[in-house]
Amino acid sequence: MKKLSLYSIMMFSLLSLTSCEAVETIFKAGMWWGIILVVGVIAIIIWLFSRGKNS
């Protein structure tokens, strides 16, 4: 049942969006996840270095 639901959502999105709009949406989401992950990793590194200096 889950597979059928996934396929129906995928087919609906393919039919409702043109290929350029679908690719644009995917890349926008990927760009924001990349930015969030990079900022998170940098924050963890800074936190680890500042924690080490205090000890």
Side-chain angles (χ1 to χ4, degrees):
M1 191 67 171
K2 286 184 179 182
K3 251 186 182 177
L4 181 62
S5 173
L6 179 63
Y7 288 137
S8 62
I9 291 171
M10 188 170 57
M11 287 304 294
F12 176 73
S13 65
L14 287 175
L15 294 174
S16 64
L17 296 174
T18 63
S19 60
C20 292
E21 289 174 344
V23 171
E24 180 184 2
T25 305
I26 291 168
F27 278 110
K28 278 184 183 177
M31 179 188 69
W32 282 111
W33 274 110
I35 290 171
I36 291 170
L37 288 175
V38 167
V39 169
V41 168
I42 291 172
I44 289 172
I45 290 171
I46 291 172
W47 177 71
L48 286 173
F49 278 123
S50 67
R51 188 174 173 214
K53 288 181 181 180
N54 289 341
S55 296

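Please read these numbers as outputs of a predicted model, since none were measured by experiment.
By the side chain to side chain contact (heavy atoms under 4.5 Å, CB included) test, Ile46 is found to be paired with Ile42, residues two or more places apart in sequence or in another chain being considered. Considering only residues two or more places apart in sequence or on other chains, Leu48 meets the side chain to side chain contact (heavy atoms under 4.5 Å, CB included) condition with Ile44.
The list of salt bridge (charged side-chain N to carboxylate O under 4.0 Å, His left out) pairs with a residue in residues 36-46, not counting sequence neighbours, is empty. Screening residues 32-44 for salt bridge (charged side-chain N to carboxylate O under 4.0 Å, His left out), with sequence neighbours left out, gives no hits. Evaluation of the salt bridge (charged side-chain N to carboxylate O under 4.0 Å, His left out) test over residues 36-48, restricted to residues two or more places apart or in two chains, returns none. Sorted by first and then second residue, the salt bridge (charged side-chain N to carboxylate O under 4.0 Å, His left out) pairs with a member in residues 27-43 read Glu24-Lys28; sequence neighbours excluded.
When hydrophobic residues (I, L, V, M, F, W, Y) are linked wherever their side-chain heavy atoms come within less than 4.5 Å, Leu37 remains an isolated member. Trp33 belongs to no hydrophobic cluster with other residues, because no ILVMFWY side-chain heavy atom falls under 4.5 Å from its own, directly or through intermediates.
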